[in-house]
Amino acid sequence: MIQNAAMSKDRKLIIANWKMNCLLSDSAKLARNINYTDNCDVVLCPPFTAIHRATETRKDARIKLGAQDCHYSTKGAFTGDISPAMLRDIGCDYVILGHSERRQHHSETSALVNSKATAAHNAGLIAVVCVGESLEERDNGKTLEILENQIIDSIPDTSTKDNTIIAYEPVWAIGTGKTPTPAQIEDAHKFIIKTVNKKIGFKTRVLYGGSVKAENAASILNIDGVSGFLVGGASLDTESFNNIIKAT
Ligand code: PGA
């Protein structure tokens, strides 16, 4: 049977993580110029303040919106926090959780990521759960152990194959220009797929993140087990990001 590209499980997913960048004007400019292609799903994750502007100005309504974090409660006395319901309300379909910058700078544990992912699922969001080892952990041969613990502890029981995506982001590759070898990426992705399957009983999509750029996108996408990208720095440049989308 010929599958519609949109239905194919091989369809790639490219997520832009704008991090703490983009005033409203920058956000509109980026959103207006990012192309949609039938070859992949495209998701923009602006900072909270720019989500609405990106929704209004995106070139194509098939480009989806996401946030970079959320709280684990629906509402209440949590000064400064944003709930999953608020993200749905503003038009988000996705939320990135447990990014290493949040694990590092906000001391987020996998248990907290797990409760955030549960809340995200209950609100109807797709959780993009980030895992990845530090350079020291890799050098000490602990990569698989770290990935396994992060996955087991971060993925909640509410996970299904449709509402959970894993992003493999080796901490040492984020924003450094360094990327793992194809064999290292393949090993990590296969291990993640196996571990998620063991815990929840489904095969999940695993994105790669860490110094993805137009120049290395096509070759990384060819690696077995890579379902797409979580892109930081290169997603802030329209041409680079469009070229990454094109590589699919
Ligand atoms: P980078 O960031 O593409 O700038 O390395 C990736 C990420 O942190 O999600």
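Both counts, for ligands and for their atoms, begin at 1 and track the order of listing. Any value given below was found using the heavy atoms of this structure, including those in side chains, with hydrogens, waters and symmetry copies removed.
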(request) Number the atoms of ligand 1 from 1 as they appear, then name those within less than 4.0 Å of a heavy atom of Asn17, with their elements. (result) 9 (O)
(message) I need the atoms of ligand 1 closer than 4.0 Å to a non-hydrogen atom of Gly210, numbered in the order shown.
(response) 5 (O)
(message) As an exercise, identify every atom of ligand 1 less than 4.0 angstrom from a heavy atom of Gly233.
(response) 1 (P), 3 (O), 4 (O)
(message) So for ligand 1, is Gly232 a polar contact partner (N or O within less than 3.5 Å, distance only)?
(response) yes
(request) For Lys19, take its heavy atoms, then give the atoms of ligand 1 lying under 4.0 Å from any of them. (result) 2 (O), 7 (C), 8 (O)
(message) List ligand 1 atoms under 4.0 Å from His99, heavy atoms only on the residue side.
(response) 7 (C), 8 (O), 9 (O)
(message) Within the supplied structure, the quantity of interest is the number of heavy atoms (other residues, nucleotides, ligands) at a distance under 6.0 Å from Lys142 NZ; does it exceed 12?
(response) no
(message) Contact between ligand 1 and Gly209 is defined here as a heavy atom of the residue under 4.0 Å from a ligand atom; is it met?
(response) no
(request) Give the single entry among Gly132, Pro170, Gly175 that approaches atom 5 (O) of ligand 1 most closely by any heavy atom. (result) Gly175
(message) Whether the side chain of His121 engages the backbone of Asn163 through a donor-acceptor N/O pair (distance < 3.5 Å, no angle test) should be reported.
(response) yes
(message) Please find the pair of heavy atoms, one from Cys22 and one from Ala50, that lie closest to each other, and give the distance.
(response) O-CB, 4.3 Å
(request) Taking atom types as modelled, find out whether Tyr94 and Gln68 have a side-chain donor-acceptor pair closer than 3.5 angstrom. (result) no
(message) Quick one, Thr164 and Ile155 - any side-chain contact, counting heavy atoms below 4.5 Å?
(response) yes
(message) Determine whether a donor-acceptor pair (N or O, by modelled atom type, separation under 3.5 Å) exists between the side chain of Arg32 and the backbone of Lys59.
(response) no
(request) Indicate yes or no for a side-chain donor-acceptor contact from Arg103 to the backbone of Val131 under 3.5 Å, with no hydrogens or angles considered. (result) no
(request) Return a yes/no value for Thr176: is any of its N or O atoms, backbone included, closer than 3.5 angstrom to an N or O of ligand 1? (result) no
(request) Could you find the nearest protein heavy atom to atom 7 (C) of ligand 1 and give me its residue, atom name and distance? (result) Glu169 OE2, 3.2 Å
(request) Mark yes or no for whether Asn140, through its side chain, and Glu137, through its backbone, hold a donor-acceptor pair below 3.5 Å. (result) no
(request) Between Ile174 and ligand 1, find which residue part has any heavy-atom pair under 4.0 Å and reply side chain, backbone, both or neither. (result) both
